[in-house]
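To keep things clear, I will list the structure first and then write my remarks on it.
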Amino acid sequence: QDEIYIPLISKGFQHQFWQAVQLGAERAAEEFDVRITFEGPDNETMVDRQMDMLAAALANNPAAIGFAALDSQAAIPLLRQANEAGIPVIAFDSGVDSDIPLSTATTDNVAAAALAADRMAELIGGSGQVAVVAHDQTSRTGIDRRDGFVNRIAEAYPDIEVVTIQYGQGDHLRSTEVATAILIANPDLAGIFGTNEGSAIGVVNAANELGTEGVVIIGYDSGAAQMQAIRDGVMAGAITQNPVGIGYETVRAAVAALNGEELPEIIDTGFYYYDASNIDDPEIAAVLYD
Amino acid sequence: MSLATDQKPAAPATSTVGGAVAYQRLLAFASLVALLIGFSFASSNFMQTSNMMAILQSASVNGVLAVAATLVIITGGIDLSVGTLMTFCAVIAGVILTKMGLPLMVGVIGAIGAGALCGLCSGTFVTKMNIPPFIATLGMMLMLKGLSLIISGTRPIYFNDTPGFDQISRGSIIGDIIPALPVPNGVLILFLVAAAASFVLSRTVLGRYIFALGSNEEAVRLSGVNTDRWKMAIYALAGAICGIAGILIASRLNSAQPALGQGYELEAIAAVVIGGTSLAGGRGTILGTLIGALIMAVLTNGLRVMAVAQEWQTVVTGAIIILAVYADMIRQKK
Amino acid sequence: MSLATDQKPAAPATSTVGGAVAYQRLLAFASLVALLIGFSFASSNFMQTSNMMAILQSASVNGVLAVAATLVIITGGIDLSVGTLMTFCAVIAGVILTKMGLPLMVGVIGAIGAGALCGLCSGTFVTKMNIPPFIATLGMMLMLKGLSLIISGTRPIYFNDTPGFDQISRGSIIGDIIPALPVPNGVLILFLVAAAASFVLSRTVLGRYIFALGSNEEAVRLSGVNTDRWKMAIYALAGAICGIAGILIASRLNSAQPALGQGYELEAIAAVVIGGTSLAGGRGTILGTLIGALIMAVLTNGLRVMAVAQEWQTVVTGAIIILAVYADMIRQKK
Amino acid sequence: MTYLVEMDGIEKRFPGVHALKSVSFDLKPGEVHALMGENGAGKSTLIKIMAGIYRNDGGEMRVDGNPVAPASPREAQNLGIGVIHQELALMNDLTAAQNIFIGREPRNRLGLLDERKLNADAAAIFKMMNLDLDPRAQVGSLTIAKQQMVEIAKALSFRSRALIMDEPTAALNDAEVAELFEIIRGLKADGVGIIYISHKMDELKRISDRVTVMRDGEYVGTVDANATPINQIIAMMVGREVTEEPVVPPDLSAAEVALEVEGLSRAGEIFDVSFSVKKGEILGFAGLMGAGRTEVSRAVFGADPKDGGTIKVHGKLVNIKTPTDAVRAGIGYLSEDRKHFGLATPMNVRDNVVMATLSQYVTSLGILKDAEMRKVARGYIDQLGIRTPSEMQEVRLLSGGNQQKVVIAKWLLRDCDILIFDEPTRGIDIGAKSEIYKLLETLAAEGKTIIVISSELPEIMRLSHRIAVMCEGRLTGILPGGAGTTQEDIMRLATDRAPAMQPMGEHA
Ligand SMILES: Nc1ncnc2c1ncn2[C@@H]1O[C@H](COP(=O)(O)OP(=O)(O)OP(=O)(O)O)[C@@H](O)[C@H]1O
Ligand SMILES: Nc1ncnc2c1ncn2[C@@H]1O[C@H](COP(=O)(O)OP(=O)(O)OP(=O)(O)O)[C@@H](O)[C@H]1O
Ligand SMILES: [Mg+2]
Ligand SMILES: [Mg+2]
């Protein structure tokens with residue numbers, strides 16, 4: 001059969017963000033008439049499980065591969081194997097430290113989190129205490145968003161203090177617990193940044209449960225609950241990436257590579273800050289998912 | 001396991017059935033009080049009403065799961081599926097309430113019924129197919145995890161169309177009456193579930209068989225009891241309780257999160273064991289489990305309020321869990 | 001648990017020590033073969049050398065951890081710390097090799113030594129402090145998880161300065177000799193570890209005590225055996241094996257990933273139980289564990305190669321685990 | 001007359017064992033029918049078939065003349081067949097009353113457990129048995145003897161028409177046996193048929209009407225109990241004559257003192273116990289149930305802690321804190337509770353025999369010498385007549401008496417200077433018993449020091465060079481062995497209770 005098969009190995013599967021990436025990939029698959037599969041480990045620590053997935057994908061002699069590396073070095077032998085077999089590799093979500101991927105469809109998480117820091121500073125008036133509820137201490141996105149935010153505050157806003165950074169594994173319930181403890185321990189807190197959907201929703205839940213008012217909450221990604229919180233004014237705003245675009249661009253780039261086209265090194269799918277004022281703008285609405 | 005622990009003649013018994021229990025309960029309780037006092041000194045923000053409520057609220061879901069796990073563990077089994085079963089039941093509630101738009105009561109009953117049914121499946125695997133509880137419930141855990149994703153279409157189901165759904169856990173009936181005591185309903189439900197389970201254990205035939213099966217299943221069988229049927233009933237009851245946990249977490253998050261749940265089983269079992277229930281079966285108390293769940297909730301919350309660095313939180317939690325159980329051990333020996 | 005299983009007069013024995021073992025081994029093996037044949041028919045890409053090697057490679061780490069868990073489980077205990085201990089040992093190797101720049105051999109020995117030491121700690125908690133193995137190793141799991149993050153500074157440690165480090169697992173000594181059989185060294189190491197553990201279990205005093213402790217610890221103690229000392233030795237040995245797993249995974253990823261490891265304990269224990277070892281202690285085989293680990297690896301890989309949707313993969317895995325064990329049960333009954 | 005239960009041509013095979021070969025048996029209402037035979041003869045297997053635990057491979061069972069095949073204990077119960085099992089089948093974490101009524105808990109109108117009625121009903125049964133036991137006591141904390149009484153109470157509570165008793169008296173002393181016989185006579189008068197299994201030959205004449213003897217899984221014959229001399233029954237069982245010579249205490253005045261225990265005590269259980277045993281001596285310990293003999297020996301052995309007292313071995317003070325210390329000092333202890341404290345039942349005979357000696361069967365690299373272990377295990381299988389298909393058979397599959405022999409073999413092999421045997425012949429058949437007596441005598445003659453705890457006075461009197469008697473945790477006296485001492489002398493000391501108004505501090 002001459003069906004074109006492109007497996008995508010992602011960093012995760014069950015979370016909304018990855019589901020949106022999958023959605024974009026499926027759109028492109030339909031458009032370009034290729035078959036894709038989409039798989040990722042249970043959480044972003046399972047580097048070796050991702051290797052197993054990559055190996056299984058290679059066993060199916062795919063036309064091309066999309067790959068979001070949990071650890072870029074660990075994957076190199078398998079990527080080399082793909083390269084030797086003449087299988088083009090497109091990276092997505094975060095880069096691979098190697099010249100094997102022909103292109104990378106990604107968001108600049110550091111810059112996006114820095115934008116969140118700027119908005120936070122603006123909303124709390126340039127001074128006060130802020131906290132971060134992050135989703136992961138060791139994953140690339142977790143580190144980039146945390147550091148992007150914290151470093152920007154440190155560089156640009158000397159009167160703002162990041163009092164604590166805690167982690168909730170992106171799990172809604174655990175993030176709620178974490179945010180509750182932060183709010184209770186820091187009665188003077190001016191703002192909290194939640195670094196992914198689960199973290200952000202956790203902060204919103206905690207504020208609701210404690211009846212906290214006046215704390216500026218900035219989130220990340222979208223999802224129905226987060227959009228609702230922004231509309232209701234509980235959350236000031238959030239950064240959104242373009243996950244559907246990431247998925248779409250990854251498959252499109254793979255198809256282009258199969259057709260022998262030249263690809264840019266980075267396909268920046270972009271990020272936006274959205275709040276109640278622009279949430280319904282067509283440009284924003286296009287990259288939100290629920 | 002059971003042989004080893006059963007037989008140390010020096011180790012005193014910890015059964016609910018016996019009489020020496022009140023003493024033992026007091027001891028696990030002492031560890032909890034010590035933690036509370038310690039954290040109060042360490043952080044002035046710890047001992048606020050709002051934080052105490054937050055701790056209770058955070059103990060509620062794990063507490064209910066731990067109660068379910070306790071029943072199965074006393075029979076000498078284990079239930080790894082409590083976490084994903086909770087999620088599955090939450091998803092079922094979401095389908096009934098949001099997708100089908102049926103009334104609240106139907107959703108609640110549906111979730112609890114689904115839990116009981118899944119529990120019955122596990123029970124059937126264990127009894128009729130003779131599969132070790134570990135494998136039977138591991139298999140259920142995986143199947144339920146997948147099914148939750150499939151049924152929900154891998155996305156959260158929100159309960160926005162069911163007004164008052166979030167009040168099931170977050171509201172406070174007690175607070176409405178006594179404003180100084182804003183105990184969330186979720187906590188009230190935990191205590192009700194615990195009281196009911198405790199009642200079942202001590203006052204009903206089912207409870208008697210739970211202990212008897214864990215002590216010596218063969219002896220129960222030789223006494224002419226249909227052990228399979230009772231065991232299936234116990235797993236079903238545990239499943240129904242997981243259904244209640246599913247309602248609780250769905251209400252608290254105002255959504256059914258299909259991806260959540262794995263990993264919760266270990267926390268629930270930890271609460272059970274910290275509470276003095278033996279994994280070998282035959283002995284255990286719901287009150288102990290409740291205290292175990294509270295110890296874990298206080299510990300996590302306290303370290304977070306103290307803003308201990310995350311990696312150290314983990315280390316300290318591990319150490320304190322060991323020490324709390326050790327303290328129990330030496331006090332019991334005296 | 002043990003009493004219940006011990007006494008069912010109908011249930012036949014499955015001890016390594018006895019004679020009926022060869023038979024039982026063959027049976028778990030049959031489930032594995034059935035899976036292999038099934039997947040070969042389902043997907044033409046499944047039965048390639050490279051895919052077989054990928055399956056073996058993916059079984060290697062879990063297999064080594066499962067061997068460690070088997071030893072502890074046969075004594076009637078449980079070890080929840082195998083996953084994070086593996087990570088901890090990998091981090092220790094990283095510190096020795098990359099941060100301190102010492103020679104490869106020192107790193108390997110250091111990692112294994114650290115594993116043994118941590119195992120000794122768990123063993124001490126269990127014996128001298130009389131803490132139930134579940135709690136002792138849960139505490140260790142959390143402490144080691146935190147310590148790995150602290151020591152590594154919460155970021156991976158790469159082994160780029162240690163040439164050949166990745167060959168420990170990825171290279172293929174066998175493939176160098178027989179090019180048609182590119183079995184990765186990691187798999188070779190798994191088989192060596194399994195063979196050694198099997199030897200220890202069946203031919204040494206330590207192994208005999210492992211079974212005896214799991215059968216009736218009190219009877220062993222009353223035979224004048226220093227049970228505490230032997231138990232500590234067993235936990236230490238299991239820890240050392242986790243150290244080997246740490247080296248394996250670090251070599252495979254060419255880095256020590258400090259956050260990895262939690263959740264792996266459940267998979268390891270699952271492999272052990274699928275392999276026919278009883279959680280009640282006293283009976284079990286390494287060969288069974290090996291087959292259990294392979295069954296899990298084949299299952300995951302096969303479903304992936306068949307490109308089954310991921311949510312369905314989970315469901316099917318759960319169902320097949322139950323069925324595989326069930327098949328064993330009915331065959332054993334005959 | 002119609003038989004209550006008839007069994008015809010019953011066949012049963014286990015892997016490697018042909019346990020029952022065309023066995024026949026019948027039971028009339030209102031009779032006590034004793035079932036006798038050596039260890040492993042198939043007695044327990046036969047009654048397990050009656051009780052619905054095993055299915056027979058061949059033959060027929062009839063109740064009231066109707067063919068039946070009970071497939072579960074419940075079906076057997078419904079047929080009116082109740083069993084007291086040889087291996088106790090109790091739930092250790094439950095109380096005595098809860099054990100007795102498991103499956104038949106009294107409930108109140110709401111369907112809830114009626115704990116008060118439960119305890120009252122149990123107390124009533126205990127009262128009928130003249131048994132002083134708290135219905136709320138946790139069964140796991142009771143001694144074997146009391147557990148046995150709970151098991152008996154449970155069987156009685158069923159009010160079965162046919163009651164099977166598999167060695168109910170193995171763990172009981174004479175007073176309790178007498179009590180049990182009273183109960184049996186009452187049941188008989190009510191028309192209950194009783195199948196009675198025991199290895200205590202004297203009980204035959206006292207209680208049974210007919211005796212059926214089995215040997216090697218085969219039916220040997222049924223005789224009238226009163227009309228048949230005991231020796232003939234023994235000969236049917238064993239296939240030869242068993243003779244018993246009375247003990248003649250040797251002159252040990254010159255022998256060295258091997259074990260000296262001074263002022264041993266533990267709060268509430270042992271009060272200031274002192275005694276010494278000489279090299280080559282057999283010291284018997286007599287006493288009623290709960291006299292504290294087991295407690296004393298466990299304390300000496302380091303299995304339980306002690307509050308005070310010193311232990312000297314061969315004149316040297318030794319500090320025994322754990323069984324390991326005791327074994328190192330040359331003391332071995334064979335527990336009265338083989339299943340819980342003596343055997344790793346899922347392991348095979350060989351491994352159990354060498355359990356206390358394993359370190360002698362390893363190379364310097366820690367590798368086991370399996371061939372040598374097999375040889376010694378086979379040696380003991382022959383010497384003690386352990387009935388097993390091979391030394392690789394799991395111990396849990398052996399008959400009760402053969403399990404006991406395995407424990408004995410373990411301690412014989414360990415070759416300790418001082419051996420404490422707690423109820424060593426529990427459940428052992430008459431032929432083997434006399435072999436074991438001879439063995440103990442030989443050991444003593446070889447210079448070993450032996451302590452035997454037994455609840456059977458004939459056994460104490462048959463073996464002991466001196467007889468220590470305990471009552472309620474105190475050592476009430478030491479009597480000389482041999483023909484000079486009567487059962488009455490022992491019983492007097494065994495019931496020599498401490499005065500209720502004892503001045504404080506005397507036994508500090
Ligand atoms: N489940 C079993 N599997 C294998 N062999 C068995 C099993 N149960 C009993 N046997 C064997 O069957 C024979 C008869 O055993 P049984 O328990 O009936 O003897 P018994 O007459 O009750 O002896 P004792 O006086 O020692 O109790 C023994 O050789 C025993 O080892
Ligand atoms: N494992 C145990 N746990 C708690 N109490 C015990 C235990 N074993 C014995 N006891 C108690 O200690 C007391 C002494 O019992 P022990 O068994 O030492 O008496 P004994 O003289 O050996 O009698 P027996 O003839 O029954 O063997 C009894 O009151 C008994 O209830
Ligand atoms: Mg018998
Ligand atoms: Mg005794």
Side-chain angles (χ1 to χ4, degrees), chain C residues 1-21 23 74-76 127-128 196 199-230 233 237 277-278 280-284 334, chain D residues 14-16 48 53-55 87 89 91-92 298 301-303 322-328 331-335 337-348 350-352 354-359 361-363 365-370 373 390 392-397 407 410-411 414 416:
Chain C
M1 274 184 253
S2 69
L3 280 175
T5 37
D6 279 7
Q7 291 162 359
K8 275 209 176 161
T14 342
S15 139
T16 9
V17 192
V21 199
Y23 181 56
I74 297 179
T75 69
T127 54
K128 299 297 174 194
F199 181 82
V200 166
L201 272 184
S202 61
R203 304 283 300 121
T204 70
V205 209
L206 184 66
R208 199 53 48 90
Y209 284 135
I210 289 177
F211 282 104
L213 285 171
S215 296
N216 188 347
E217 182 172 342
E218 189 58 12
V220 180
R221 194 176 76 95
L222 289 179
S223 298
V225 176
N226 190 337
T227 47
D228 284 0
R229 219 184 50 197
W230 286 105
L237 176 61
T277 294
S278 153
R283 47 191 62 177
K334 281 184 192 155
Chain D
F14 297 112
K48 279 181 183 163
I53 296 167
Y54 290 154
R55 300 299 292 268
E87 299 300 327
M91 291 137 281
N92 281 341
R298 283 182 61 97
F301 188 61
T322 64
T324 317
D325 299 336
V327 170
R328 200 176 294 134
I331 305 175
Y333 168 68
L334 179 144
S335 162
D337 184 349
R338 58 172 171 256
K339 195 158 134 205
H340 285 150
F341 301 138
L343 293 165
T345 50
M347 298 180 85
N348 60 37
R350 180 197 68 191
D351 292 336
N352 273 285
V354 296
M355 186 71 78
T357 338
L358 207 51
S359 56
Y361 293 95
V362 287
T363 65
L365 292 171
I367 294 166
L368 293 167
K369 301 176 184 164
D370 276 334
M373 286 161 44
S390 86
M392 300 305 280
Q393 180 81 335
E394 285 177 45
V395 167
R396 71 189 177 97
L397 301 178
V407 193
K410 172 171 85 175
W411 285 110
R414 174 68 217 197
C416 293

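All values derive from a computational prediction rather than experimental measurement.
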Write down the atom of D:Lys339, the atom of C:Asn216, and the distance for their closest heavy-atom approach. O-ND2, 3.3 Å
Closest heavy-atom contact between D:Gly302 and D:Pro323? O-CD, 3.4 Å
Are C:Asp228 and C:Arg221 close enough for a salt bridge, meaning some N to O gap below 4.0 Å?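 Salt bridge: no.
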Looking at chain C, which one of [options] has the largest number of heavy-atom pairs inside 4.5 Å, strictly under?
| options | value |
| --- | --- |
| D:Leu368, D:Val327, D:Thr324, D:Thr363 | D:Leu368 |
| D:Thr357, D:Asp370, D:Asp337 | D:Asp370 |
| D:Asn352, D:Leu358, D:Asp325 | D:Leu358 |

Does any backbone or side-chain atom of [X] lie under 4.5 Å from a heavy atom of chain C? Answer side chain, backbone, both or neither.
| X | answer |
| --- | --- |
| D:Lys410 | side chain |
| D:Leu343 | backbone |
| D:Phe14 | neither |
| D:Met373 | side chain |

For the residue pair D:Phe301 and D:Tyr333, categorise the inter-ring angle as parallel (less than 30°), tilted (30 to 60°) or perpendicular (more than 60°). tilted
From D:Glu394 atom CD to C:Ser215 atom OG, the distance as rounded to the nearest 0.5 Å: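 It is 8.5 Å, given to the nearest 0.5 Å.
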Can you tell me how far CG of D:Asp351 sits from OH of C:Tyr209, rounded to the nearest 0.5 angstrom?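 CG of D:Asp351 is found 10.5 Å from OH of C:Tyr209.
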